[in-house]
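Okay, structure first, notes after.
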Amino acid sequence: ERNVSERMYNNYKTFMVTLWNWLIENMYCKVNVFRSIKKKIAKEKTRINIDMSTRKRIKDYLLENDELEYLCVCLLTFHCLLRPNETCQLKPGNFNLDKMTLYIPPNVSKTRKMRLITIPRSLVDLLEKINIKEIDPQLFVFSTGFKPGKKLKDSRYIAKRWEKLRIQIGMPKEMQFYSLKDSGIIQLLRDGISPERVRDQAGHSSLEMTNKYIKLAKQEAQKDIIEKSSGF
(Lines give C-alpha, C1' and ligand atoms only; values in the text may rest on other atoms or scores of the structure.)
Protein backbone atom coordinates (compact mmCIF):
# COMPACT_ATOMS: atom_id res chain seq x y z
CA GLU A 1 0.00 0.00 0.00
CA ARG A 2 2.89 2.35 0.71
CA ASN A 3 4.43 1.44 -2.64
CA VAL A 4 7.90 0.91 -1.17
CA SER A 5 10.67 -0.68 -3.17
CA GLU A 6 11.24 -4.44 -3.12
CA ARG A 7 14.45 -3.89 -1.19
CA MET A 8 12.73 -1.79 1.47
CA TYR A 9 9.86 -4.31 1.68
CA ASN A 10 12.35 -7.11 2.32
CA ASN A 11 14.15 -5.02 4.95
CA TYR A 12 10.86 -4.51 6.78
CA LYS A 13 10.13 -8.21 6.58
CA THR A 14 13.55 -9.14 7.99
CA PHE A 15 13.16 -6.67 10.86
CA MET A 16 9.72 -7.97 11.82
CA VAL A 17 10.90 -11.61 11.76
CA THR A 18 13.75 -10.64 14.10
CA LEU A 19 11.41 -8.70 16.40
CA TRP A 20 8.91 -11.55 16.60
CA ASN A 21 11.71 -14.04 17.37
CA TRP A 22 12.58 -11.87 20.36
CA LEU A 23 8.91 -11.79 21.42
CA ILE A 24 8.77 -15.60 21.27
CA GLU A 25 12.02 -15.98 23.24
CA ASN A 26 10.62 -13.72 25.94
CA MET A 27 7.27 -15.54 25.98
CA TYR A 28 5.14 -12.67 24.69
CA CYS A 29 3.77 -14.85 21.89
CA LYS A 30 4.16 -18.33 20.42
CA VAL A 31 4.07 -17.90 16.64
CA ASN A 32 6.19 -15.76 14.32
CA VAL A 33 3.49 -14.56 11.93
CA PHE A 34 6.02 -12.90 9.63
CA ARG A 35 7.83 -16.11 8.69
CA SER A 36 5.05 -17.04 6.29
CA ILE A 37 5.41 -13.78 4.32
CA LYS A 38 7.57 -14.25 1.26
CA LYS A 39 10.28 -11.82 0.28
CA LYS A 40 9.94 -9.96 -2.99
CA ILE A 41 12.45 -10.38 -5.77
CA ALA A 42 14.56 -7.21 -5.65
CA LYS A 43 15.18 -5.60 -9.00
CA GLU A 44 18.75 -4.74 -9.83
CA LYS A 45 19.43 -1.02 -9.50
CA THR A 46 19.44 0.90 -12.75
CA ARG A 47 22.75 2.70 -12.85
CA ILE A 48 23.25 5.42 -15.45
CA ASN A 49 26.89 6.28 -15.96
CA ILE A 50 27.57 10.01 -16.35
CA ASP A 51 29.98 10.15 -19.27
CA MET A 52 33.04 12.38 -19.35
CA SER A 53 31.56 14.97 -21.69
CA THR A 54 28.52 15.43 -19.41
CA ARG A 55 30.78 15.68 -16.37
CA LYS A 56 32.70 18.45 -18.14
CA ARG A 57 29.44 20.31 -18.81
CA ILE A 58 28.54 20.05 -15.12
CA LYS A 59 31.93 21.39 -14.08
CA ASP A 60 31.96 24.21 -16.64
CA TYR A 61 28.44 25.33 -15.74
CA LEU A 62 29.13 25.46 -12.01
CA LEU A 63 32.43 27.28 -12.53
CA GLU A 64 30.83 29.82 -14.87
CA ASN A 65 28.10 30.50 -12.31
CA ASP A 66 30.54 30.73 -9.40
CA GLU A 67 29.11 27.71 -7.59
CA LEU A 68 32.43 26.35 -6.36
CA GLU A 69 30.90 24.95 -3.19
CA TYR A 70 28.31 22.85 -5.02
CA LEU A 71 31.03 21.70 -7.43
CA CYS A 72 32.93 20.51 -4.35
CA VAL A 73 29.82 18.61 -3.24
CA CYS A 74 29.63 16.90 -6.65
CA LEU A 75 33.32 16.05 -6.70
CA LEU A 76 33.24 14.68 -3.15
CA THR A 77 30.60 12.27 -4.39
CA PHE A 78 32.42 11.43 -7.63
CA HIS A 79 36.02 11.22 -6.36
CA CYS A 80 35.59 10.40 -2.67
CA LEU A 81 32.39 8.39 -3.16
CA LEU A 82 30.56 10.13 -0.32
CA ARG A 83 26.86 9.72 0.26
CA PRO A 84 24.83 12.97 0.47
CA ASN A 85 24.11 12.49 4.16
CA GLU A 86 27.83 12.12 4.85
CA THR A 87 28.63 15.28 2.87
CA CYS A 88 26.05 17.33 4.78
CA GLN A 89 27.71 16.47 8.10
CA LEU A 90 31.26 17.40 7.09
CA LYS A 91 33.17 19.92 9.19
CA PRO A 92 36.60 21.45 8.48
CA GLY A 93 38.27 19.03 10.89
CA ASN A 94 37.32 16.10 8.68
CA PHE A 95 39.70 17.34 5.98
CA ASN A 96 43.50 17.06 6.00
CA LEU A 97 44.52 18.71 2.76
CA ASP A 98 48.23 18.37 3.53
CA LYS A 99 47.90 14.59 3.68
CA MET A 100 45.14 14.61 1.03
CA THR A 101 42.77 12.61 3.22
CA LEU A 102 39.19 12.89 4.43
CA TYR A 103 38.14 11.31 7.71
CA ILE A 104 34.58 10.01 8.08
CA PRO A 105 33.86 9.05 11.72
CA PRO A 106 31.63 6.07 12.57
CA ASN A 107 28.72 8.26 13.65
CA VAL A 108 28.65 9.89 10.19
CA SER A 109 29.38 6.86 8.02
CA LYS A 110 26.37 4.89 6.77
CA THR A 111 28.11 1.61 7.65
CA ARG A 112 28.95 2.94 11.16
CA LYS A 113 32.61 2.23 10.44
CA MET A 114 35.42 4.78 10.26
CA ARG A 115 36.61 5.61 6.74
CA LEU A 116 39.83 7.33 5.69
CA ILE A 117 39.35 8.50 2.12
CA THR A 118 41.95 9.72 -0.35
CA ILE A 119 41.31 13.14 -1.91
CA PRO A 120 42.72 13.55 -5.46
CA ARG A 121 44.86 16.58 -6.26
CA SER A 122 42.21 18.27 -8.43
CA LEU A 123 39.73 18.25 -5.55
CA VAL A 124 42.34 19.42 -3.03
CA ASP A 125 42.96 22.47 -5.23
CA LEU A 126 39.23 23.23 -5.34
CA LEU A 127 38.84 22.83 -1.56
CA GLU A 128 41.69 25.29 -1.11
CA LYS A 129 39.84 27.77 -3.33
CA ILE A 130 36.85 27.77 -0.99
CA ASN A 131 39.29 28.42 1.90
CA ILE A 132 38.29 25.33 3.82
CA LYS A 133 41.22 25.74 6.24
CA GLU A 134 39.85 29.11 7.34
CA ILE A 135 36.31 27.94 8.08
CA ASP A 136 35.22 27.95 11.74
CA PRO A 137 35.74 24.36 13.01
CA GLN A 138 32.28 24.38 14.58
CA LEU A 139 30.47 25.06 11.31
CA PHE A 140 29.22 22.59 8.75
CA VAL A 141 31.18 23.10 5.52
CA PHE A 142 28.08 22.83 3.30
CA SER A 143 25.11 24.50 4.99
CA THR A 144 22.55 26.93 3.51
CA GLY A 145 23.54 27.89 -0.03
CA PHE A 146 26.30 25.27 0.34
CA LYS A 147 28.26 27.85 2.32
CA PRO A 148 29.64 27.24 5.84
CA GLY A 149 26.96 27.52 8.51
CA LYS A 150 25.57 26.26 11.80
CA LYS A 151 22.53 24.53 10.29
CA LEU A 152 22.80 20.88 9.34
CA LYS A 153 21.03 20.53 6.01
CA ASP A 154 19.04 17.48 4.98
CA SER A 155 20.59 15.35 2.24
CA ARG A 156 17.59 16.19 0.04
CA TYR A 157 18.93 19.75 -0.12
CA ILE A 158 21.75 18.45 -2.33
CA ALA A 159 19.33 16.49 -4.52
CA LYS A 160 17.07 19.51 -5.08
CA ARG A 161 19.94 21.57 -6.43
CA TRP A 162 20.92 18.65 -8.66
CA GLU A 163 17.44 18.48 -10.17
CA LYS A 164 17.68 22.16 -11.13
CA LEU A 165 21.17 21.63 -12.51
CA ARG A 166 20.02 18.61 -14.49
CA ILE A 167 17.38 20.74 -16.23
CA GLN A 168 19.70 23.71 -16.69
CA ILE A 169 22.28 21.75 -18.66
CA GLY A 170 19.92 19.24 -20.24
CA MET A 171 20.85 15.98 -18.52
CA PRO A 172 18.42 13.06 -18.86
CA LYS A 173 16.12 12.37 -15.89
CA GLU A 174 17.86 9.03 -15.29
CA MET A 175 21.05 10.85 -14.29
CA GLN A 176 20.27 11.32 -10.61
CA PHE A 177 22.69 12.68 -8.02
CA TYR A 178 23.59 9.15 -6.86
CA SER A 179 24.76 8.52 -10.45
CA LEU A 180 27.83 10.60 -9.59
CA LYS A 181 28.92 8.02 -7.01
CA ASP A 182 28.26 5.13 -9.36
CA SER A 183 30.15 6.93 -12.14
CA GLY A 184 33.05 7.61 -9.80
CA ILE A 185 33.33 3.93 -8.91
CA ILE A 186 33.20 2.94 -12.59
CA GLN A 187 35.88 5.51 -13.47
CA LEU A 188 38.21 4.31 -10.71
CA LEU A 189 37.91 0.74 -11.98
CA ARG A 190 38.53 1.89 -15.56
CA ASP A 191 41.59 3.79 -14.34
CA GLY A 192 43.03 0.51 -13.11
CA ILE A 193 42.41 0.99 -9.37
CA SER A 194 42.04 -2.39 -7.67
CA PRO A 195 38.55 -3.42 -6.51
CA GLU A 196 39.88 -3.65 -2.95
CA ARG A 197 40.96 0.00 -2.94
CA VAL A 198 37.69 1.06 -4.56
CA ARG A 199 35.79 -0.88 -1.89
CA ASP A 200 37.63 1.01 0.86
CA GLN A 201 37.13 4.38 -0.86
CA ALA A 202 33.41 3.73 -1.31
CA GLY A 203 32.87 2.24 2.14
CA HIS A 204 31.25 -0.88 0.72
CA SER A 205 30.46 -3.57 3.26
CA SER A 206 31.92 -6.27 1.02
CA LEU A 207 34.01 -6.74 -2.11
CA GLU A 208 31.02 -8.44 -3.71
CA MET A 209 29.21 -5.10 -3.74
CA THR A 210 32.16 -3.44 -5.50
CA ASN A 211 32.46 -6.24 -8.03
CA LYS A 212 28.95 -5.48 -9.32
CA TYR A 213 30.43 -2.39 -10.95
CA ILE A 214 33.16 -4.25 -12.82
CA LYS A 215 30.85 -5.36 -15.65
CA LEU A 216 29.72 -1.75 -16.02
CA ALA A 217 33.33 -0.54 -16.09
CA LYS A 218 34.08 -3.00 -18.88
CA GLN A 219 31.26 -1.91 -21.17
CA GLU A 220 33.79 -0.64 -23.69
CA ALA A 221 35.90 -2.32 -26.31
CA GLN A 222 39.06 -3.71 -24.68
CA LYS A 223 42.18 -2.20 -26.24
CA ASP A 224 44.37 -5.25 -25.61
CA ILE A 225 41.92 -7.49 -27.49
CA ILE A 226 41.76 -5.02 -30.37
CA GLU A 227 45.53 -4.65 -30.62
CA LYS A 228 46.77 -8.15 -29.79
CA SER A 229 44.19 -10.54 -31.22
CA SER A 230 45.54 -12.72 -34.04
CA GLY A 231 43.80 -13.01 -37.37
CA PHE A 232 41.60 -15.98 -38.21
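Because only heavy atoms are used, hydrogens play no part in the values below, and waters and symmetry mates are left out as well, while side chains stay in.
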Decide side-chain contact (heavy atoms from CB on, under 4.5 Å) for I58 and M171; before the verdict, give the C-alpha distance in whole Å, the side-chain angles of both, and the deciding distance to 0.1 Å.
CA-CA 9 Å; I58 293 170; M171 285 187 288; 3.8 Å; yes

For the pair Y157 and T144, evaluate side-chain contact (heavy atoms from CB on, under 4.5 Å) and give the outcome as yes or no after the intermediate values.
CA-CA 9 Å; Y157 187 67; T144 304; 4.2 Å; yes

Report the C-alpha distance between R199 and M209 in whole Å, list the side-chain angles of each, state the deciding distance to 0.1 Å, and finish with yes or no for side-chain contact (heavy atoms from CB on, under 4.5 Å).
CA-CA 8 Å; R199 173 200 61 196; M209 189 178 296; over 6 Å; no

M114 vs I104, side-chain contact (heavy atoms from CB on, under 4.5 Å): CA-CA, chis, key distance, verdict:
CA-CA 6 Å; M114 181 274 289; I104 306 296; over 6 Å; no

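Looking at heavy atoms from C-beta onward, N131 lies out of side-chain contact with I135 at the 4.5 angstrom threshold. Under the 4.5 Å side-chain criterion, counting only non-hydrogen atoms from C-beta, L152 is in contact with C88. Side-chain contact between E163 and I167 is absent, with no heavy-atom pair separated by less than 4.5 Å. Residues T118 and L102 have side chains not in contact (no heavy-atom distance under 4.5 Å, counting atoms from C-beta outward). In this structure the side chain of I117 never reaches within 4.5 angstrom of the side chain of T101, judged on heavy atoms. Residues S183 and I48 have side chains not in contact (no heavy-atom distance under 4.5 Å, counting atoms from C-beta outward). Between V141 and P148, the closest side-chain pair of non-hydrogen atoms is not below 4.5 Å. Within the 4.5 Å cutoff, the side chain of E6 has no heavy atoms near those of the I41 side chain.
Here the shortest heavy-atom pairing between Q89 and N107 reads OE1-O, 4.4 Å. Considering every non-hydrogen atom in both K133 and D98, the closest pair reads NZ-OD1, 3.2 Å. When all heavy atoms of R190 and A217 are compared, the closest pair comes out as NE-O, 2.9 Å. For the residue pair F142 and F146, the shortest heavy atom distance occurs at CD2-O, 3.7 Å.
Sorted by first and then second residue, the side-chain hydrogen bond (donor to acceptor under 3.5 Å, both in side chains) pairs involving residues 54-63 (not counting sequence neighbours) are D51-T54, R55-Q187, K56-D60, Y61-Q168.
With S36 contributing its side chain and V33 its backbone, the two residues share a donor-acceptor pair below 3.5 Å. Formation of a donor-acceptor pair under 3.5 Å by the D154 side chain with backbone atoms of R156 is found in this model. A donor-acceptor pair under 3.5 Å is formed between the side chain of T18 and the backbone N or O of T14.
For the pair K91 and F140, the distance from NZ or CZ to the six-membered ring centre is under 6.0 Å and the angle to the ring normal is within 45 degrees. Stacking of K181 on the aromatic ring of Y178 is not recorded, the 6.0 Å distance cut-off and the 45° axial limit not both being met.
The structure places NZ of K113 at 10.5 Å from CG of D200, a figure rounded to the nearest 0.5 Å. Atoms CG and CD1, on L180 and I185 in that order, are 11.5 Å from each other to the nearest 0.5 Å. Within the model, atoms CG of L116 and CG of N94 stand 11.0 Å from one another, a figure rounded to the nearest 0.5 Å.
Salt-bridge formation is not detected for the pair K212/D182: no Lys NZ or Arg NE/NH1/NH2 atom is positioned less than 4.0 Å from an Asp or Glu carboxylate oxygen.
Ring pair Y103/F95: centre-to-centre distance not below 6.0 Å.
The aromatic rings of H204 and Y213 sit parallel to each other, their planes meeting at less than 30°, with 60° as the upper class boundary.
A 6.0 Å sphere centred on CD of E208 holds no more than 12 heavy atoms belonging to other residues, nucleotides or ligands.
If you chain together hydrophobic residues whose side chains sit under 4.5 Å apart, F34 and L23 fall into the same group. Neither M16 nor I24 shares a network with the other; the hydrophobic side chains, linked directly or stepwise wherever heavy atoms of I, L, V, M, F, W or Y lie under 4.5 Å apart, form separate groups for each.
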Can I get a per-line list of side-chain donor-acceptor pairs under 3.5 Å for residues 69-83, giving both atom names and the distance, sequence neighbours left out?
from	atom 1	to	atom 2	distance (Å)
E69	OE1	K147	NZ	3.3
E69	OE2	K147	NZ	3.2
Y70	OH	I158	O	3.0
Y70	OH	W162	N	3.2
T77	OG1	V73	O	3.2
R83	NH1	E86	OE2	3.2

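A donor atom on one side chain and an acceptor atom on the other are found under 3.5 Å apart for N32 and N21.
Partners of D125 under the side chain to side chain donor-acceptor pair (under 3.5 Å) rule, at least two apart in sequence or in another chain, do not exist in this structure.
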